[in-house]
There are 2 protein chains.
Amino acid sequence: MAYCYTFPHPAVTTDIVVFTIIDDRLKVLLVERVTPPFQGHWALPGGFLQLHENLDGCARRELAEKTDLTDLYLEQLYTFGRIDRDPRERVITVAYMALVRACNAPLRPDSGEPRTCWFPVKTLPRLAFDHQEIIQLAHQRLLAKSRYSTIALQLLPAQFTLGELQKVYEIIQDETLDKRNFRKWVLSIQCLRETGEVRRKAGRRPAKLYEPQRRETVEFIR
Amino acid sequence: MAYCYTFPHPAVTTDIVVFTIIDDRLKVLLVERVTPPFQGHWALPGGFLQLHENLDGCARRELAEKTDLTDLYLEQLYTFGRIDRDPRERVITVAYMALVRACNAPLRPDSGEPRTCWFPVKTLPRLAFDHQEIIQLAHQRLLAKSRYSTIALQLLPAQFTLGELQKVYEIIQDETLDKRNFRKWVLSIQCLRETGEVRRKAGRRPAKLYEPQRRETVEFIR
DNA sequence: GCAAAAGTGTTATCCCTACACCCATGA
DNA sequence: TCATGGGTGTAGGGATAACACTTTTGC
């Protein structure tokens with residue numbers, strides 16, 4: 001009990017909702033809890049803030065440690081602080097949303113502890129703490145931002161076809177989109193550039209490859 | 001030093017950006033600091049989280065204690081946690097935005113300590129901590145939400161004229177609006193109801209009074 | 001030649017914007 | 001009667017939504 005204060009302090013954690021698209025479905029990364037509370041339940045990756053790191057630094061460190069994910073888009077989501085959300089002590093968690101390109105989403109070898117797994121957003125297991133609520137909010141935010149920002153590009157590799165991009169939007173928004181209107185819209189917002197290359201696939205007409213104008217930034221549109 | 005932990009804990013505070021409209025200007029409530037650090041500087045109202053209260057409960061308690069404001073609209077804004085944002089110790093602050101109707105915005109009597117004052121958003125004094133940055137973000141959020149929600153109604157009393165409502169939008173958005181287009185828009189979004197009453201003013205045609213359909217809730221539109 | 005996705009335009013509708021005059025009142 | 005804000009409609013332009021066929025390829 002080496003850390004003492006003149007008034008009570010809560011613990012602070014970050015938890016991260018990492019989305020990716022695998023098998024044409026939106027998935028969330030979960031980690032199996034190996035210690036109480038909620039031992040054996042699935043939970044969001046995350047952990048306690050260290051006093052020498054910033055909040056987003058904590059989120060990135062926890063992801064690197066627990067899931068080996070290092071290069072992803074991260075944004076703060078909301079801070080959850082219900083009094084009884086953790087039975088051990090008062091814990092405030094700053095929740096983040098992250099997006100990772102499917103190709104960069106390898107999972108830790110099965111032997112590794114703790115176990116990690118991608119779950120479809122639509123069929124989540126029973127979750128630890130209030131993590132169900134956090135994921136729901138992140139899902140809403142992703143849906144909303146896909147309509148007025150270039151956030152969806154963070155789910156695709158450096159180069160992609162318009163068909164692949166449309167598929168990402170259809171998965172996020174859970175509805176089919178008109179091909180001609182989608183292409184008109186996405187090309188009109190000045191966020192893409194033709195690479196000059198094509199992707200060839202057996203039995204199909206080759207598709208032009210595109211890349212983001214500014215890969216690292218998520219921009220608001222309209 | 002009665003509160004001890006096995007690993008270091010940051011302190012957690014809430015800070016609240018309270019907006020109101022006075023003299024046709026958007027104003028923010030500030031409190032003068034009477035103790036170090038930043039003694040004598042102006043700061044946002046706020047303070048340390050107690051372990052038996054929720055985050056928004058903390059915000060409401062601090063407002064009631066420091067400013068006597070009790071009935072207002074409150075929403076979480078963002079969580080700020082830069083390592084060196086407070087020289088005393090590591091402090092994470094969960095920032096809130098609040099809106100109060102001008103008629104409900106009395107100030108604590110001058111004799112009271114600490115001093116509080118409404119400052120125009122456009123001419124803020126030098127602020128303590130990172131409160132300048134917090135206010136800037138809150139201001140952006142208010143502007144954005146005025147365009148796609150009914151948040152602006154929280155700045156008006158129970159009944160108001162369309163002219164008064166338009167004025168609120170013009171102050172928030174810092175631009176003049178077309179009267180006919182504004183009225184068409186605001187009546188089309190189904191958030192207002194005629195009260196049947198009018199407001200009479202000397203030398204003017206009486207204006208119909210309106211009230212929100214659902215006073216307590218902020219709704220998304222479009 | 002066939003399956004499978006790539007690629008491409010036009011039309012109708014809705015929404016937003018711009019814009020100017022009369023009305024009701026109290027002094 | 002005058003000053004002051006209250007109240008009202010229309011027309012044009014731009015964005016959105018609906019909709020179907022041809023192209024290119026590998027097998």
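Residue numbers begin at 1 in each chain, while the letters A, B, ... track the order of the sequences.
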State plainly whether the residues A/E197 and A/K208 are in salt-bridge range, i.e. N to O under 4.0 Å.
-> no
Could you tell me how far apart [X] ([atom1]) and [N] ([atom2]) are, to the nearest whole angstrom?
X: A/W185; N: D/dT16; atom1: CH2; atom2: C1'; answer: 13 Å
X: A/I189; N: D/dT16; atom1: CD1; atom2: C1'; answer: 15 Å
X: B/R222; N: D/dT16; atom1: CZ; atom2: C1'; answer: 13 Å
X: B/F182; N: D/dG9; atom1: CZ; atom2: C1'; answer: 18 Å
X: A/D178; N: D/dC21; atom1: CG; atom2: C1'; answer: 13 Å
X: A/N181; N: C/dG7; atom1: CG; atom2: P; answer: 16 Å
X: A/Q166; N: C/dT8; atom1: CD; atom2: P; answer: 14 Å
X: A/E170; N: C/dA5; atom1: CD; atom2: P; answer: 13 Å

Residue pairs fulfilling ring pair (Phe, Tyr, Trp, His ring centres under 6.0 Å) with at least one residue in residues 171-205 of chain B, sequence neighbours excluded = B/Y169-B/F182, B/Y169-B/W185
List in chain and number order the residues that pass side-chain contact (heavy atoms from CB on, under 4.5 Å) with A/R82, two or more places apart in sequence or in another chain; answer none if no residue qualifies.
-> A/D84, A/R85, A/D130, A/E133, B/N54
Side chains of residues 156-168 of chain B: which donor-acceptor partners sit under 3.5 Å, not counting sequence neighbours?
from	atom 1	to	atom 2	distance (Å)
B/T161	OG1	B/G163	N	3.4
B/T161	OG1	B/E164	N	3.1
B/E164	OE1	B/T161	N	2.9
B/E164	OE1	B/R199	NH1	2.9
B/E164	OE2	B/R199	NH1	2.3
B/Q166	NE2	B/E170	OE2	3.1
B/Q166	NE2	B/L177	O	2.9

Heavy-atom check, side chain of B/V17 versus side chain of B/L44, under 4.5 Å | yes
Is there side-chain contact between B/Q76 and B/D56, with at least one heavy-atom pair below 4.5 Å?
-> no
Hey, what do you get for CD1 (B/I151) to OG (B/S146), rounding to the nearest 0.5 Å?
-> 8.5 Å
Return the polar atom pairs (N/O with N/O) between nucleotides 11-15 of chain C and the protein under 3.5 Å, or none.
none

Would you check if the side chain of A/R193 reaches a backbone N or O of A/Y210 as a donor-acceptor pair within less than 3.5 Å?
-> no
If the sugar-phosphate is the primed atoms plus P, OP1 and OP2 and the base is the rest, what is the B/S/- string for nucleotides 1-8 of chain D, using protein heavy atoms under 4.0 Å?
-> --BBBBBB
Ring pair (Phe, Tyr, Trp, His ring centres under 6.0 Å) against B/F129, all qualifying residues, sequence neighbours excluded | B/F38, B/H131
